[in-house]
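Take a look at the structure below.
Computed over heavy atoms, backbone and side chain alike; hydrogens, waters and symmetry mates excluded. Read the numbers this way: they start at 1 and go in the same order the structure lists the ligands and their atoms.
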Amino acid sequence: MSEKIPKILVFDFGAQYAQLIARRVREANVYSEIVSHELSVDQVQEIDPSGIILSGGPKSVRIDGAPIIDPRIYELNIPILGICYGAQLIAQQLGGTVSQFDAGEYGRTTLNVIGGELLAGQPKEQDVWMSHFDCVTEVPEGFTVTASTQHAPAAAFESNRVHAVQYHPEVSHTEYGQKTIERWLDISGISRTWTMTSVIDEQISAIRQQVGTGRAICGLSGGVDSAVAAALVHKAIGSQLTCVFVDTGLMRKNEGEQVVETFQKTQGIELIHVRAEEEFFSKLKGITEPETKRKAIGELFIRIFERASGGIEDAHFLVQGTLYPDIIESGSKHAATIKSHHNVGGLPEDMEFELVEPLRSLFKDEVRAVGKELGLPDEIVYRQPFPGPGLGVRIIGEVTPDKVAILQEADFIVRDELEKAGLDREIWQSFAVLPDIRSVGVMGDERTYGYPCIIRAVTSEDAMTADWARIPYDVLESMSSRIINEVAGINRVVYDITSKPPGTIEWE
Ligand code: XMP
């Protein structure tokens, strides 16, 4: 067996922080995973982590039933870093005192460094990000206070193997936050060797071991997750992988061709390209209700995928682009609980395949980095999220080939202009929507009666909430004039300035 890969466990106390902490540790080149704070000492011993981070959380350690860790974990001699709630928990569980102090601290706060191992070499005065109403007023025996703030007398404290900070080193507003995390890894003797190359090597051997001489199939959607999963599996098992690409006709301009070009021609992957546009258009004839439309597209997709993959003899493995955020239920009792998740347009549960999920431990930005390392083009690696039903939910009302052609052109211009303005990577999703109405206009001396086109562009972190993007007027103007001049059938352009909530990102 290869030597042990250092792993940091981030104990989750029910807030959003755990994911961010795990990402920061990974940025410092150490693999980290989020686990439930309820993990027992035996489970921890079995996992054998190189270090443990206790994350922040929304509760007060002083209330009954506040989440704690198995106290025997402190006796394992594993390096521990407590952050915010985690720092207070260390104080509380090891015999210090946590009180509600004279005032809470929220946001930017000045930290005064006194000394100690963790903050060695850092400026005596620095900005940190705080969010607490309780604070540690007495550190446990054997600990020394290493920093303070106006309202937190023990803003950092440490003993031999346990370090604690009241502030949030994981947020970018904390000036020396990443340095502090890296320093903790270094003083804990944890080697920082985890890179995307090591992920690729590790996954290649895991895939080979799982699949053996078997045959695997992978549904390509055109999106980054299935693309990177396919490229990685192909690197591992070569021609034992067959990809299936169902072209629904509802993709963006040139996207279908690009999938074929990238996978078949450039990567040399065996690809079954199913041109199913006509089947989709005939199925969608007359359907106007959004959910009926979604269902129709989903069902037909599965039927066609089954038909295509059924022809691949002895295929026992199905590759899926499941990511780490898909499987962690942040704040749940059992963080390792797996959500059933299907990236390929929702494949049915009863397909008798064993799943191969080489990206299941990675965050989205890490998946992109793996994709780049595997030589996938930027257009795929940095592709925006795209709904499974594609342009079907961006054409309000009945979907017809003519409307798809109009929308593809307008949508292309929206993204092209954003790219030219250098704004494409700042924007979460940008696209055009074609509503089911027409309005009167005038072009030259002619009266026109055409479709309006709605531009939708949003900024977001995770699609749960979103804000409309503040695209400069001149960029909106170029989009508008190009769409009207270049896309026959559209005579008016409007910009959607609705955030989510109350709106959704998509129009249907
Ligand atoms: P909404 O419109 O709900 O979208 O704000 C949130 C995110 O989900 C994507 N989306 C979908 N993705 N199948 C998908 O695979 C769908 O039916 C679907 N509907 C919305 C949307 O593009 C956004 O990123």
closest protein heavy atom to atom 21 (C) of ligand 1 is Glu506 OE2, 3.4 Å

Tell me the nearest of Gly392, Gly388, Pro501 to atom 13 (N) of ligand 1, using heavy-atom distances. Gly388

May I ask which of Val458, Asp462, Ile505, Ile297 has a heavy atom nearer to atom 1 (P) of ligand 1 than the others do? Ile505

Atom 7 (C) of ligand 1: nearest protein contact (heavy atom, Å): Ala463 CB, 3.8 Å

Are Arg360 and Asp326 within salt-bridge range, i.e. N to O under 4.0 Å? no

Relative to the heavy atoms of Pro389, which atoms of ligand 1 are at a distance of less than 4.0 Å? 13 (N), 16 (C), 17 (O)

Scan side-chain atoms only and decide if Gln384 and Ser430 contain a donor-acceptor pair under the 3.5 Å cut-off. yes

Is Glu182 salt-bridged to Lys179, cutoff N-O under 4.0 Å? no

Salt bridge present between Arg394 and Glu506 (N-O < 4.0 angstrom): yes

Numbered in order shown, the ligand 1 atoms found under 4.0 Å of a heavy atom of Arg294 are 16 (C), 17 (O), 18 (C), 19 (N), 20 (C)

Under 30°, 30 to 60°, or over 60°: which ring-plane class applies to His273 and Phe245, parallel, tilted or perpendicular? parallel

Shortest protein heavy-atom distance from atom 24 (O) of ligand 1, along with the residue and atom involved: Gln429 OE1, 2.8 Å

To which protein heavy atom is atom 10 (N) of ligand 1 closest, and what is the distance rounded to 0.1 Å? Pro387 CB, 3.8 Å

SB check Asp462 Lys364 (cutoff 4.0 Å): no

Name of the residue among Tyr176, Tyr106, Tyr85, Tyr17 meeting ring pair (Phe, Tyr, Trp, His ring centres under 6.0 Å) with His168: Tyr17

Below the 3.5 angstrom mark, is there an N/O of Lys500, backbone or side chain, next to an N/O of ligand 1? yes

